[in-house]
2 protein chains.
Amino acid sequence: MPPNNFPDSIIDTLSIDCLIFGFKDGELDILLVKHAEGISKDRWALPGGWIQYNESIDDAANRLLHSLTGVSNIYLEQLRAFGHVDRYPANRVITIAYYALVNADNYSLNPGFTASDVQWFKIHDIPKLPYDHNEILYFGYMHLKQKVMNEPIGFNLLPKKFTLHQLQQLYEAILETSLDKPNFRRKLLNMNLLKPCNEKQEDVSHRAAQLYRFDKKMYDKLREKGFIFEL
Amino acid sequence: MPPNNFPDSIIDTLSIDCLIFGFKDGELDILLVKHAEGISKDRWALPGGWIQYNESIDDAANRLLHSLTGVSNIYLEQLRAFGHVDRYPANRVITIAYYALVNADNYSLNPGFTASDVQWFKIHDIPKLPYDHNEILYFGYMHLKQKVMNEPIGFNLLPKKFTLHQLQQLYEAILETSLDKPNFRRKLLNMNLLKPCNEKQEDVSHRAAQLYRFDKKMYDKLREKGFIFEL
DNA sequence: CCACTAATAGTCAATTTGACCATAATTTGT
DNA sequence: ACAAATTATGGTCAAATTGACTATTAGTGG
């Protein structure tokens, strides 16, 4: 497929790195893989790979994410490209970073071909990563903080059905603040983006909370009328 | 400098495209160049170029912008990478798009080596551009709309000293709405981000308005205390 | 049935917003 | 010199939103 003067993949020039966010036990997590080979063997790093000649960069990111988690249809967006000259030691590699929001309950992890291990790390307990991966992580986290304030994407980190308290804990974890419970409830419910399920929480040793789901159709409708999600 | 198995530049694989926003006569503008050679000869397109092997992608964007406008220290940020397989007809090219905000009064334009002409186009009067440049433009414009609501970057499109009315017109042009004048004044002034100059507007056939400048130091100080710019 | 925990409901003052109206300062035409 | 036009700037006021709380309710576990 590629013309004669091109390699089979755009290998060694352009890579993809994924920032995969999860949420568990009230804390924000990042998925890291332990490299089984190459320059950074035995070190934890962001999962990534090479872009093939005949796939778009979005496809490449989805392929990598799928091979790692076994799940498709995950919330995935490009963060941006990172291209310092010396970010990769062996040769010049520019990487395009993506970030994904997943509900960690939904699947089992799979180290894939080039990794020997996969593991969730708490966002505040990340080891020193190779290359500029810590910088990418920091940038992505700041981006998420910003984004979560202005778009209803946090739901992707929760199960389909969730309680208001879970949602609040999620925002508290991401934004690193504490929020007033009654005020948080009031604000979210007044947006009309949460549709109550006919179900309640189970197996809790106190009054069971109402379960809600994010009403995407309603969100689309409201947005057409000029509604802007906020906080 | 590059190892033997690499071309002098990452030419033909990775390009940079710049979305340069300007503001004039109450309208938002985009700078386009007319290609003097290559596949899209004689067509208007986003200014761009190739990334050299020994410069970072940010450096490459700055270099291109400088060669086009003759000015440095322009507000310039990466938008994102665009990488559909068939976005470029001859071969596989991934482009990293940047957007810049400039005060169009400050400099003269220079078509550079590969362009035969440079010109400002009103944002609502953009011709059909080659490749995916219209898509990049649309994405960048949406990004600017979003960004301008949450960060005080609009000032980069105005002269150092400006009136509140100019600022309002700028926001109206970007956001495509009309704003209430007294309310806009009240909101902006209450933020304490505008430092009044000891000067007034000149050569206008009505009461001259106070000139203000954006107080970046104050903004940094307020942001440390948790202030978030909005609208 | 009592203690505990968290859900849910409600209060209230302070602040911010949206929709206005009023006045002040200039310039231009007569 | 004065009126008309034009834009800047300064207010008002009710409605909506926010922040900081208090109160009540439902369910669990001893």
Side-chain angles (χ1 to χ4, degrees), chain A residues 23 25-27 148-150 152 158-159 161-173 175-214 222 225-231, chain B residues 25-26 148-150 152 158-159 161-173 175-214 222 225-231:
Chain A
F23 179 67
D25 305 325
E27 293 202 74
V148 104
M149 301 265 290
N150 299 292
L158 295 176
K161 302 171 183 179
F162 52 84
T163 68
L164 282 168
H165 189 59
Q166 283 179 290
L167 189 60
Q168 182 179 345
Q169 285 184 311
L170 172 66
Y171 277 100
E172 289 181 336
L175 300 174
E176 299 180 291
T177 48
S178 65
L179 302 166
D180 180 87
K181 184 151 58 167
N183 292 343
F184 181 81
R185 290 176 64 83
R186 178 178 59 187
K187 182 151 195 177
L188 266 289
L189 289 177
N190 283 344
M191 285 184 191
N192 286 322
L193 294 180
L194 300 183
K195 191 156 59 179
C197 310
N198 296 324
E199 284 175 72
K200 299 210 163 187
Q201 212 177 12
E202 282 175 18
D203 301 322
V204 284
S205 64
H206 56 266
R207 176 177 179 180
Q210 175 71 243
L211 288 172
Y212 295 89
R213 59 172 62 209
F214 174 59
L222 288 173
K225 294 178 189 164
F227 168 81
I228 295 179
F229 177 89
E230 212 189 320
L231 228 169
Chain B
D25 304 325
V148 104
M149 300 265 290
N150 298 292
L158 295 176
K161 301 170 183 179
F162 51 85
T163 69
L164 282 169
H165 188 59
Q166 282 179 290
L167 189 60
Q168 180 178 348
Q169 285 184 311
L170 172 66
Y171 276 100
E172 289 181 334
L175 299 174
E176 299 180 288
T177 48
S178 65
L179 302 165
D180 181 88
K181 184 150 58 168
N183 292 343
F184 181 81
R185 289 176 65 82
R186 177 178 57 186
K187 183 152 194 176
L188 267 288
L189 289 178
N190 283 344
M191 286 185 189
N192 286 321
L193 294 180
L194 300 183
K195 191 156 61 180
C197 310
N198 297 323
E199 285 176 70
K200 299 209 164 188
Q201 213 176 11
E202 281 176 19
D203 301 322
V204 284
S205 65
H206 56 266
R207 176 177 179 180
Q210 175 71 243
L211 288 172
Y212 295 89
R213 58 172 63 208
F214 174 59
L222 288 173
K225 293 178 189 166
F227 168 81
I228 294 178
F229 177 89
E230 212 187 321
L231 231 170

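Residue numbers start from 1 in every chain, and the chains themselves are labelled A, B, ... in the order their sequence lines are given, proteins ahead of strands. The figures here come from the full heavy-atom set of this structure, side chains too, leaving out hydrogens, waters and symmetry mates.
For the pair N190(A) CG and dT8(C) P, the computed distance is 15 Å after rounding to whole Å. In this structure, the CG atom of L211(B) is 11 Å from the P atom of dA8(D), given to the nearest Å. Taking atom CZ on F184(B) and atom C1' on dT9(D), their separation rounds to 15 Å, with Å as the unit. Nucleotide dT7(D) holds its P atom 7 Å from the NE2 atom of H165(B), rounded to whole Å. Nucleotide dA26(D) holds its C1' atom 13 Å from the CD atom of Q210(A), rounded to whole Å. The interatomic distance linking E230(A) (CD) with dT16(C) (P) rounds to 14 Å, in whole Å. The separation between L188(B) atom CG and dT17(C) atom C1' is 14 Å, rounded to whole Å.
Counting heavy atoms of neighbouring residues, nucleotides and ligands inside a 6.0 Å radius, atom CD1 of I228(B) does not exceed 12 of them.
Rounding to the nearest 0.5 angstrom, the gap separating the CD atom in E172(B) from the NZ atom in K181(B) is 10.0 Å. Rounded to the nearest 0.5 Å, atoms CG (L211(B)) and CD (E202(B)) are 8.5 Å apart. The line from CG of L231(A) to CG of N183(A) is 11.5 Å long, rounded to the nearest 0.5 Å. In this structure, the separation between CG on L189(A) and OH on Y212(A) is 4.5 Å, given to the nearest 0.5 Å. Taking CD of E230(B) as the reference point, atom CD of E230(A) lies at 4.0 Å (rounded to 0.5 Å). One distance of note links CG of L193(B) with CG of L188(B); it measures 8.0 Å at 0.5 Å rounding.
For R207(A) and dA6(C), a side-chain-to-base donor-acceptor distance below 3.5 Å is absent, hydrogens and geometry of angles not being considered.
Of the residues in residues 191-203 of chain A, none lies under 4.0 Å from DNA chain C by heavy-atom distance.
Remark: E27(A) engages K122(A) in a salt bridge (charged side-chain N to carboxylate O under 4.0 Å, His left out) (not counting sequence neighbours).
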Sequence-aligned protein contact record of nucleotides 14-22 of chain D, with B where the base is within under 4.0 Å of a protein heavy atom and S where only the sugar-phosphate is: ----BBBBB

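Taking only side-chain atoms of H206(A), from C-beta outward, the nucleotide of dA6(C), dT28(D), dT7(D) with the closest atom is dA6(C).
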Evaluation steps, side-chain contact (heavy atoms from CB on, under 4.5 Å), between Q201(A) and H206(A): CA-CA 10 Å; Q201(A) 212 177 12; H206(A) 56 266; 4.3 Å; yes

